[in-house]
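Sequence lines set the chain letters: A, B, ... in the order given, protein chains first and strands last, and positions in each chain run from 1. This structure is a prediction, so every number in the text was calculated from the model and none was measured.
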2 protein chains.
Amino acid sequence: MATILDIARLSGVSKSTVSRVINNHPHVSEDSRTKVMEAIEKLSFVRNARGVHLRTQSTKTIGVTIPDLDHPYFSPLVGMIASKCRNVGYKIVVFQTFYSIEEEYEIYEKLTENELDALIITHTLLSEQEIKQRVRNNVVLICNEPLQTRHLDVFSLDERDAVYSSTQYLLKEGRNHLLMCMDEEITPLQQQRWEGFKQAHLDLNKICTIQQKVSGYATIEEGLLLGDEIFSGQCNYDGILAGSDFLAAGLLSSAKKHGVSVPKELSIIGFDNHSICLTTFPALSSIKNQTELMVKDLVSCLLDRLDGKEFATVRKVYKGALVIRGT
Amino acid sequence: MATILDIARLSGVSKSTVSRVINNHPHVSEDSRTKVMEAIEKLSFVRNARGVHLRTQSTKTIGVTIPDLDHPYFSPLVGMIASKCRNVGYKIVVFQTFYSIEEEYEIYEKLTENELDALIITHTLLSEQEIKQRVRNNVVLICNEPLQTRHLDVFSLDERDAVYSSTQYLLKEGRNHLLMCMDEEITPLQQQRWEGFKQAHLDLNKICTIQQKVSGYATIEEGLLLGDEIFSGQCNYDGILAGSDFLAAGLLSSAKKHGVSVPKELSIIGFDNHSICLTTFPALSSIKNQTELMVKDLVSCLLDRLDGKEFATVRKVYKGALVIRGT
DNA sequence: TTGAAAGCGCTAACAC
DNA sequence: GTGTTAGCGCTTTCAA
């Protein structure tokens, strides 16, 4: 592997000049430039990023945590982040946490070891204090998780409001016994949803019946299982708020299997407005979020932080909207 | 940020000894070790990975190319690769190609710049020669794409056989006018499927009618669009082989909308056996692959290559199986 | 416009 | 068991 020293020797200039040519610096004579370019061509030289990283104290790499790459909401979210970052010269390293605190710890360590210029957290089981303590003074942004923070920038969706208005919609439509599906892990996000659910009942003077817990993945399979549980006996619910469209699709499929008529006897609302909503029968109603806008703002803030700009902690919240379809 | 030199000074030993302690080398006295550990604690020292990378000539990072992170097949595939690699001490950097050759070129450049120890390609629009030429002598493995290769290791699914047997199944069931949905880009994978489709017709002395092209994403939306096109006029098909379950789900949904009865008038078979198959009505039949096994073998081969072991180019092919459900 | 020299943080061969 | 030393490949001041 040729280094800039080899190029320097072959072209009869110094390492510095070679470096200048590579980095398109001005004030290099046309003559030197040509000689260097020729040498580069001849030895098929490619710059070694490892040297650059050490010298410049940056790897142009951003880490992103994601619970699981096999996830219909987080996966596209990270994809969006990755393309936006790429457009401004940064690569993305994806770290799956598998909903485990230990995995999270390891990721934060990578950050402090300077492999990453910054970290974006899309899902966490920790509090701000715990995160802050582990990531030290590195650049860290929170995306999608409505964490209460004082030192970290947060971009999140208004989960409380989204659930609040969807719940009100169901209640006003005459549904009375609503079920809300939550994860086992009580994250701030889950809590907000639950608050919205309760408040909507309160404001309409309705009795808020039951919450149902399912495990943390919100998959189709879990929807099918949960559905078997709910619909096999006497089903007391006439409305369900599912934590994700995939969970909702599983529930819907199970309801049909058990002879529960949707939307006549039961209404189901999903979350995220994934296109799977269009393939179920009837088509799934769902809550749609401004994910794209959120990511755009996030990346713009990230760049400012990386530039070392000083400004108060950012907290942005984006409103969701209920998309009414057949369920 | 404290460096090992700071630790060395504070604890009264040399840089080497500090390094030995950090890396758990034997032959360090208990006394030195304690002193170093104390200093590390006191200055809250963390090793700087950039220095390690330059020195060790490795970043412990593997790149993976994926067409789009928002993809129900590739996303879980990469997730699987990531966890397996993580278990053996490697991180994964995900690069989205968005089905663009230019993006691919850029990724290969990253590899030659030594930011990556190796690259796994899950989807490509290039031939082996073009890839080989760009990646030079770096470690590169192909996963999922049945490329004809002489120098690169390939792990792929037997697309030809999977389509062949599914087509035969449909024909033997009495379907006569089959449609196969292919991508616009004619990749080796697409070609193999097409061959299987033709051969199945040939072997049963049936006439192979038409192929239909759709663009390269295989999404629900495209299924809906394609469905509108096919089913709005006179539909001549009584069987469809879709390139993915999501495309199939879209087609199914559209068929229902246009009053085409499935499976009575029309049969639909998807690809990948995604759980979405369980949420459509009727449940989607689909072709299931041995993805897990493929990834396991791939990573094991990858490790051998990274160890510098010399052996002939590996080519492994995994059989698929038709899962028959309601369509 | 160019080159010399310093140094980013770390590891490892070698000598003791 | 430990320290000295060289060097991985690059960028960037500084002086010429």
*Which residues satisfy the side chain to side chain donor-acceptor pair (under 3.5 Å) test with A/K84, sequence neighbours excluded?*
none
Taking distance alone, no hydrogens or angles, what donor-acceptor pairs closer than 3.5 Å link side-chain atoms of residues 18-27 of chain A to residues at least two apart or in another chain?
residue : atom : partner : partner atom : Å
A/S19   : OG   : A/N23   : ND2          : 3.4
A/N23   : ND2  : A/S19   : O            : 2.8

*What residues, two or more places apart in sequence or in another chain, satisfy side chain to side chain donor-acceptor pair (under 3.5 Å) together with A/D117?*
A/S58, A/T59
*Please name the pair of heavy atoms, one in B/I107 and one in B/F95, separated by the smallest distance, quoted to 0.1 Å.*
CD1-CB, 3.5 Å
*For A/I4 and for B/S32, locate the closest nucleotide of DNA chain D by heavy-atom distance; then report the residue assigned to the nucleotide nearer the 5' terminus.*
B/S32
*Between A/K91 and B/E115, is a salt bridge (charged side-chain N to carboxylate O under 4.0 Å, His left out) present by the stated rule, with each step listed?*
CA-CA 11 Å; A/K91 298 172 288 299; B/E115 293 204 36; 3.1 Å; yes
*Tell me which residues in residues 41-63 of chain A put a heavy atom below 4.0 Å from DNA chain D, sorted by number, or none.*
A/F45, A/R47, A/N48, A/G51, A/V52, A/R55
*Distance only, no hydrogens: is a donor on one side chain within 3.5 Å (strictly under) of an acceptor on the other, for B/Y105 and B/E109?*
no
*May I ask you to list the residues of residues 9-24 of chain A, by number, that have any heavy atom positioned under 4.0 Å from an atom of DNA chain D?*
A/K15, A/S16, A/S19, A/R20, A/N23
*Regarding A/S29 and A/S32, is there a side-chain donor-to-acceptor distance under 3.5 Å anywhere?*
yes
_Need the bend value for the helix from C/dT1-D/dA16 to C/dC16-D/dG1: angle between end axes, 5 pairs each end, nearest 10°._
30°
*Just the endpoints, please: which first and last nucleotides of DNA chain D, 5' to 3', lie under 4.0 Å from a heavy atom of chain A?*
D/dG9 to D/dT13
*Residues in side chain to side chain donor-acceptor pair (under 3.5 Å) with B/E106, at least two apart?*
A/R86
*Report the residues that fulfil side-chain contact (heavy atoms from CB on, under 4.5 Å) with B/A118, sequence neighbours left out, ordered by chain and then residue number.*
B/I62, B/V139, B/L302, B/L306
*Testing B/I121, B/I81, B/L141 for side-chain contact (heavy atoms from CB on, under 4.5 Å) with B/V64, which one passes?*
B/I81
*In chain order, what residues pass the side chain to side chain donor-acceptor pair (under 3.5 Å) check against B/E130, with sequence neighbours excluded?*
B/S127
*Give every residue pair that meets the side-chain hydrogen bond (donor to acceptor under 3.5 Å, both in side chains) criterion with at least one member in residues 138-153 of chain A, sequence neighbours excluded.*
A/Y73-A/N144, A/D153-A/R305
*For residues B/E104 and B/L126, report the shortest heavy-atom separation together with the two atoms involved.*
OE1-CD1, 3.4 Å
*Would you call the rings of A/F155 and A/Y318 parallel, tilted or perpendicular if under 30° counts as parallel and over 60° as perpendicular?*
parallel
*Under 3.5 Å, is there a donor-acceptor pair between the A/S75 and B/S75 side chains?*
yes
*Using a heavy-atom cut-off of 4.0 Å to chain B, what are the terminal contacting nucleotides of DNA chain C, in 5' to 3' order?*
C/dG9 to C/dA13
